[in-house]
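Presented below is the structure to which this report refers.
Chain identifiers are assigned alphabetically (A, B, ...) following the order of the sequence lines, protein sequences preceding nucleic acid strands; residue numbering begins at 1 within each chain.
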Amino acid sequence: MTYYPQQLDPGAQSILLGEIRRIIAQAPLYTPTMPRSGKPMSVRMTNAGPLGWVTDKERGYRYQTTHPVTGEPWPAIPPMLLALWNEVAGYPHPPEACLINYYGGAAKMGLHQDRDEADFDAPVLSVSLGDTGIFRVGGTTRKSPTQKFELKSGDVFVLGGEDRLAFHGIDRVLPGTSNLLDEGGRFNLTLRRVTRLG
DNA sequence: GAGTACCA
DNA sequence: GCAG
């Protein structure tokens, strides 16, 4: 099941953006690379929480406790995001990872599944900040048809239940559709439970 | 042919 | 330019 439980109002969006800026000051955005090929992704990433999702040529997709460039532990997940999870996720254990993706100018992300977690019972909760993203979701196989949605600044979106393993991606970001970020572009935050049990 | 968070 |  996919659903939009709520929209953050502009005040909440700018408070959340401040939290993200604080995280990035401590754990800078970096450019992840694909397993085996080492090709760079167009989004830049960082994380908050006890675990962060990373990828590189040598070791591939995984969660780890430290930033791959600085070697430091990830900053804490902002309390307001933990509160949002409690309101909306319907899952009795807190998220362990908050992946922060920044889509600059032409950044996009191809269709993929979030399947590097041990717990697929917990939903994945996403928050969009900044320019509108064209989001594509399909089914659990690559051949199933896809649908497009616009994810606007402040949109809270949940992939759970049957759709927890749905293929999804961002086709592109529409420049100039939000004035939240001075530099333009889009932040997407995804909260995930990684390990089983609490 | 499998796999594909890239690239075409 | 956009769709798939």
Side-chain angles (χ1 to χ4, degrees), chain A residues 2 20 23-24 27-49 51-69 74 77 95-120 122-152 155-177 184-195:
Chain A
T2 62
I20 300 312
I23 290 165
I24 290 171
L29 292 168
Y30 70 97
T31 300
T33 56
M34 294 294 287
R36 302 203 291 310
S37 70
K39 291 201 164 151
M41 295 179 61
S42 56
V43 299
R44 292 191 299 144
M45 290 184 177
T46 189
N47 289 267
L51 290 171
W53 188 88
V54 298
T55 172
D56 58 32
K57 179 177 163 120
E58 294 75 21
R59 298 179 58 200
Y61 307 155
R62 66 199 186 272
Y63 283 91
Q64 65 179 40
T65 57
T66 56
H67 191 291
V69 177
W74 306 106
I77 298 176
E96 295 164 295
C98 176
L99 175 61
I100 299 169
N101 287 155
Y102 175 69
Y103 295 77
K108 58 194 160 57
M109 189 171 297
L111 273 188
H112 68 279
Q113 291 175 301
D114 290 3
R115 55 177 310 153
D116 302 311
E117 302 76 30
D119 189 348
F120 296 145
V124 172
L125 189 161
S126 134
V127 182
S128 298
L129 292 174
D131 285 338
T132 298
I134 306 296
F135 181 69
R136 184 179 290 277
V137 213
T140 37
T141 77
R142 285 200 178 267
K143 9 195 17 157
S144 40
T146 60
Q147 269 188 286
K148 288 191 301 180
F149 295 99
E150 292 195 347
L151 291 182
K152 297 183 163 57
D155 283 353
V156 177
F157 178 73
V158 176
L159 270 179
E162 290 285 290
D163 296 319
R164 172 61 182 74
L165 291 172
F167 280 89
H168 60 281
I170 291 286
D171 289 355
R172 66 205 169 91
V173 170
L174 306 179
T177 45
R186 169 176 187 266
F187 280 109
N188 185 71
L189 319 175
T190 54
L191 295 171
R192 298 121 182 251
R193 180 78 203 172
V194 178
T195 64

Name the nucleic acid region contacted by A/Asp171, choosing base, sugar-phosphate or nothing; use a 4.0 angstrom heavy-atom cut-off, strictly under.
nothing
Each nucleotide N or O in nucleotides 6-8 of chain B that has a protein N or O under 3.5 Å away: list the pair and distance.
from, atom 1, to, atom 2, distance (Å)
B/dC6, OP2, A/Gly110, N, 2.7

Identify the heavy atoms of A/Arg192 and A/Leu99 that sit nearest to each other, and give their distance.
NH2-CD2, 3.7 Å
Could you tell me the separation between the CD atom of A/Gln147 and the C1' atom of C/dG4, rounded to a whole number of Å?
14 Å
Send over the distance from A/His168 NE2 to B/dT4 P, rounded to a whole Å.
14 Å
Closest heavy-atom contact between A/Asn47 and A/Trp74?
O-CE3, 3.3 Å
What integer distance in Å separates A/Leu174:CG from C/dG1:P?
13 Å
Given the C1' atoms of B/dC6 and B/dA2, what is the spacing between them in whole Å?
16 Å
Rounded distance in Å between the C1' positions of B/dG3 and B/dA8:
15 Å
Establish, from distance only, whether the side-chain atoms of A/Thr195 and A/Asp119 form a donor-acceptor pair under 3.5 Å.
no
For A/Gln113 and B/dT4, what is the distance between atoms CD and C1' respectively, to the nearest whole Å?
11 Å
Donor-acceptor check, side chain of A/Asp116 to backbone of A/Arg62, threshold 3.5 angstrom: yes or no?
no
Are more than 12 heavy atoms, taken from residues, nucleotides or ligands other than A/Gln64, located less than 6.0 Å from that residue's CD atom?
yes
Considering every strand and a 4.0 Å limit on heavy-atom distances, what is the contact class for A/Lys57: base, sugar-phosphate, or nothing?
nothing
Within 45 degrees of the ring normal and closer than 6.0 Å to the centroid, is that where the cationic atom of A/Arg164 sits relative to A/Phe120?
no
Is a side-chain N or O of A/Asp155 found less than 3.5 angstrom from the main chain of A/Lys152, in a donor-acceptor match?
yes
Within the structure, does a side-chain N or O atom of A/Arg142 lie under 4.0 Å from either OP1 or OP2 of B/dA2?
no
Using atom CD1 of A/Ile134 as one end and atom P of C/dG4 as the other, report the distance to the nearest whole Å.
12 Å
Tell me: CZ of A/Arg36 to P of B/dG3, nearest whole Å?
10 Å
